[in-house]
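To keep things clear, I will list the structure first and then write my remarks on it.
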Amino acid sequence: MTKFIISLLSICLVMCTSQALLAQKGKEKIEKVHKSQKDSIQKGMKDKRTKLKEKGESHMDSIKVHKEKHKDAKESMEEKKDSMKSEMKDKGHAYGKNKELEGKEFGQKRAEQAKIQREKYRKELNETVSQSDEKIKMAKEKIKKAKAKLEKEKSEGKTSDEMYQEKSEKIKKAENSIKALEEKVKKAKMKEE
């Protein structure tokens with residue numbers, strides 16, 4: 001019986017040591033896996049950092065290029081502005097420069113040109129006023145028709161209250177714009193007189 005107990009204890013001892021060895025090997029495997037994952041993560045992070053640095057540098061390069069283009073455009077605008085100023089000095093009405101006539105004749109010719117210009121302006125103003133009056137009349141007729149149609153649809157029950165409100169607001173806006181146009185025409189007529 002003692003032999004049996006000894007053999008049983010030795011079997012238990014062998015099993016325990018083998019389990020400890022297996023556990024140690026498993027632990028080493030887990031540590032290797034963790035270490036390889038850690039290395040791959042660190043490598044991935046390094047790759048991302050280098051990519052971000054490259055992107056940042058390329059972005060900075062594009063910003064520099066954009067600034068240079070903007071600077072070039074600004075310089076060309078300044079050059080155009082200077083050339084426009086010089087052209088404006090050369091151009092203009094220049095009624096008193098390079099006269100063919102002197103004194104009274106020049107003044108009379110200038111006054112005649114001004115009268116012709118004023119008459120031309122009045123004719124254009126009259127045309128626009130008459131066109132605006134026609135537009136106002138047509139718009140008023142359209143608004144009357146729209147109001148009548150809207151009331152008819154409302155009484156027949158074809159439109160809902162919401163649609164009725166929306167359409168009536170549009171009609172009011174149109175009426176307000178017509179009133180503003182009428183006021184402009186009145187001011188133009190007063191200038192004409």
Side-chain angles (χ1 to χ4, degrees), residues 54-193:
E54 290 173 2
K55 281 185 180 180
E57 290 172 359
S58 66
H59 183 67
M60 292 302 289
D61 291 340
S62 65
I63 289 173
K64 287 178 184 177
V65 169
H66 180 70
K67 283 183 179 180
E68 289 174 8
K69 285 182 182 179
H70 184 68
K71 186 177 180 182
D72 293 340
K74 189 175 182 181
E75 289 173 359
S76 66
M77 289 296 288
E78 288 176 2
E79 290 173 5
K80 286 181 183 179
K81 185 178 176 182
D82 293 339
S83 66
M84 294 282 284
K85 282 184 180 180
S86 64
E87 285 180 20
M88 290 303 290
K89 287 180 183 177
D90 296 339
K91 291 186 178 182
H93 295 293
Y95 294 120
K97 295 181 180 179
N98 302 330
K99 313 187 240 187
E100 296 171 5
L101 303 173
E102 294 290 326
K104 189 176 183 181
E105 293 89 22
F106 175 75
Q108 287 176 345
K109 185 176 178 185
R110 193 56 207 111
E112 188 177 317
Q113 289 173 348
K115 284 181 185 178
I116 292 170
Q117 192 74 16
R118 198 175 327 120
E119 287 298 319
K120 184 179 175 183
Y121 173 74
R122 282 186 180 166
K123 285 180 184 178
E124 289 175 2
L125 186 64
N126 285 335
E127 289 176 15
T128 55
V129 167
S130 63
Q131 289 174 355
S132 297
D133 284 336
E134 290 177 25
K135 286 181 182 178
I136 289 170
K137 287 178 186 177
M138 290 173 54
K140 283 184 178 182
E141 289 176 21
K142 285 183 180 179
I143 288 175
K144 284 182 184 178
K145 288 179 183 178
K147 279 185 177 180
K149 183 179 176 183
L150 183 63
E151 291 299 325
K152 184 179 177 183
E153 288 177 356
K154 178 68 174 171
S155 64
E156 292 176 358
K158 291 183 179 179
T159 60
S160 64
D161 290 335
E162 294 173 9
M163 291 295 290
Y164 179 79
Q165 290 295 329
E166 288 178 17
K167 289 182 179 181
S168 63
E169 286 178 19
K170 287 181 182 179
I171 291 172
K172 286 179 184 179
K173 287 180 183 179
E175 287 176 336
N176 290 336
S177 62
I178 289 173
K179 287 179 183 179
L181 183 61
E182 284 178 330
E183 289 177 14
K184 286 182 182 180
V185 170
K186 284 181 184 179
K187 288 179 183 179
K189 286 180 181 179
M190 291 180 77
K191 282 184 180 180
E192 189 180 310
E193 296 172 355

Find the distance between [atom1] ([X]) and [atom2] ([Y]) and round it off to the nearest 0.5 Å.
X      : Y      : atom1 : atom2 : result
Lys137 : Ser132 : NZ    : OG    : 12.0 Å
Thr128 : Asp133 : OG1   : CG    : 9.5 Å
Glu127 : Gln131 : CD    : CD    : 6.5 Å
Leu150 : Thr159 : CG    : OG1   : 6.0 Å

query = Counting only heavy atoms not in Glu112, do more than 12 fall under 6.0 Å of its CD?
reply =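 For Glu112, atom CD is not crowded (no more than 12 foreign heavy atoms under 6.0 Å).
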query = Is Lys172 salt-bridged to Glu175, cutoff N-O under 4.0 Å?
reply = no
request  = Go through the steps to decide whether Lys167 and Glu153 satisfy the test side chain to side chain contact (heavy atoms under 4.5 Å, CB included), and finish with yes or no.
outcome  = CA-CA 11 Å; Lys167 289 182 179 181; Glu153 288 177 356; 3.5 Å; yes
request  = Check the pair Arg118, Lys115 against side chain to side chain contact (heavy atoms under 4.5 Å, CB included), reporting the backbone distance first and the verdict last.
outcome  = CA-CA 5 Å; Arg118 198 175 327 120; Lys115 284 181 185 178; 4.2 Å; yes
query = Run the salt bridge (charged side-chain N to carboxylate O under 4.0 Å, His left out) check on Lys179 and Glu182 step by step: do they pass?
reply = CA-CA 5 Å; Lys179 287 179 183 179; Glu182 284 178 330; over 6 Å; no
query = Does some side-chain heavy atom of Tyr164 sit less than 4.5 Å from a side-chain heavy atom of Glu151?
reply =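 Yes - at least one pair of side-chain heavy atoms lies under 4.5 Å apart.
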message = Evaluate Lys154 against Asp161 for side chain to side chain contact (heavy atoms under 4.5 Å, CB included), listing each step before the verdict.
response = CA-CA 8 Å; Lys154 178 68 174 171; Asp161 290 335; 2.2 Å; yes
